[in-house]
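One structure below.
These numbers come from a predicted model, not from an experiment.
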Amino acid sequence: MSLTPLLTLWRRFVAVLESLQPVAQLAARLYVAHAFFLSGLTKIRDWDTTLALFNDEYHVPLLPPELAAVMGTGGELVLPVLLALGLAGRFAALGLSVMNVVAVLSLAEIAPAALQQHQFWGSLLIGLALWGPGLLSLDRLISARWGIRPGLAVR
């Protein structure tokens, strides 16, 4: 019995999976960007409550609460836009990864469901940082326009 037909079928299956990578990277970027951007919008809607939360609930290490509130909110509004567009995609993914870790560490108590959500976001962000924002990104378009080898800039 020859394994050639099975290997051929497997190779075709893998090729289909690999052709879906750009769509999966785009979906991951949009999913995480949406979550962080909505959080930033919530913070700017009621700045007094945001400051109170950073003073009383979120204990960001090494930063005064007011500065942490401004930096956190700014990051939640700017980095998701970059990530969604795939512009400086790895930078945005790494920045949001740091914010994600700080958010978890800053809360004295975090509900298991919330922790699981942060872990999921973190895994998507690390994947985007490692493999890049994908073919459906401005990073890819810009690197193609300026003739930069994609392996050096994005994947």
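The shortest non-hydrogen separation linking His59 to Glu57 is CD2-O, 3.3 Å. Closest heavy-atom contact between Leu128 and Ala93: CB-CB, 4.0 Å. Here the closest heavy-atom approach between residue Ala103 and residue His118 is recorded as CB-CE1, 4.0 Å. Minimum interatomic distance between Ala28 and Leu124 (heavy atoms only, all atoms of both residues): CB-CD2, 4.0 Å. Here the closest non-hydrogen pair linking Phe54 and Pro65 is O-CB, 3.5 Å. Residues Gly89 and Asp139 share a closest heavy-atom pair of N-OD2, 2.8 Å.
Formation of a donor-acceptor pair under 3.5 Å by the Arg140 side chain with backbone atoms of Gly134 is not found in this model. Here the side chain of Gln25 pairs a donor or acceptor atom with the backbone of Gly132 at under 3.5 angstrom.
Atom CG of Asn100 and atom CG of Leu94 lie 12.5 Å apart (nearest 0.5 Å). For the atom pair CZ of Phe91 and CG of Leu96, the computed distance is 9.5 Å after rounding to the nearest 0.5 Å. With values rounded to the nearest 0.5 angstrom, Thr4 atom OG1 is found 12.5 Å from Leu9 atom CG.
Following chains of ILVMFWY side-chain contacts shorter than 4.5 Å, one can reach Met71 starting from Tyr58, so the two form part of one hydrophobic cluster. By the rule that hydrophobic residues join a cluster once side-chain heavy atoms approach within less than 4.5 Å of another member, Leu77 and Leu82 end up as members of one cluster. There is no path of hydrophobic side-chain contacts, each under 4.5 Å, that joins Leu136 to Leu85. Grouping the Ile, Leu, Val, Met, Phe, Trp and Tyr side chains by contacts below 4.5 angstrom, directly or via other members, places Leu53 with Val102.
Summarising the local packing, NE2 of His34 is surrounded by 12 or fewer heavy atoms from other residues, nucleotides or ligands at distances under 6.0 Å. Residue Leu20 places its CG atom among more than 12 non-hydrogen atoms of other residues, nucleotides or ligands, all under 6.0 Å distant. Open room surrounds CD on Gln116; 12 or fewer heavy atoms of other groups in view lie less than 6.0 Å from it.
Relative orientation of the Tyr31 and Phe120 rings is perpendicular, given thresholds of 30° and 60° on the angle between their planes. By the 30° and 60° cut-offs, the orientation of the rings of Phe13 relative to Trp10 is tilted.
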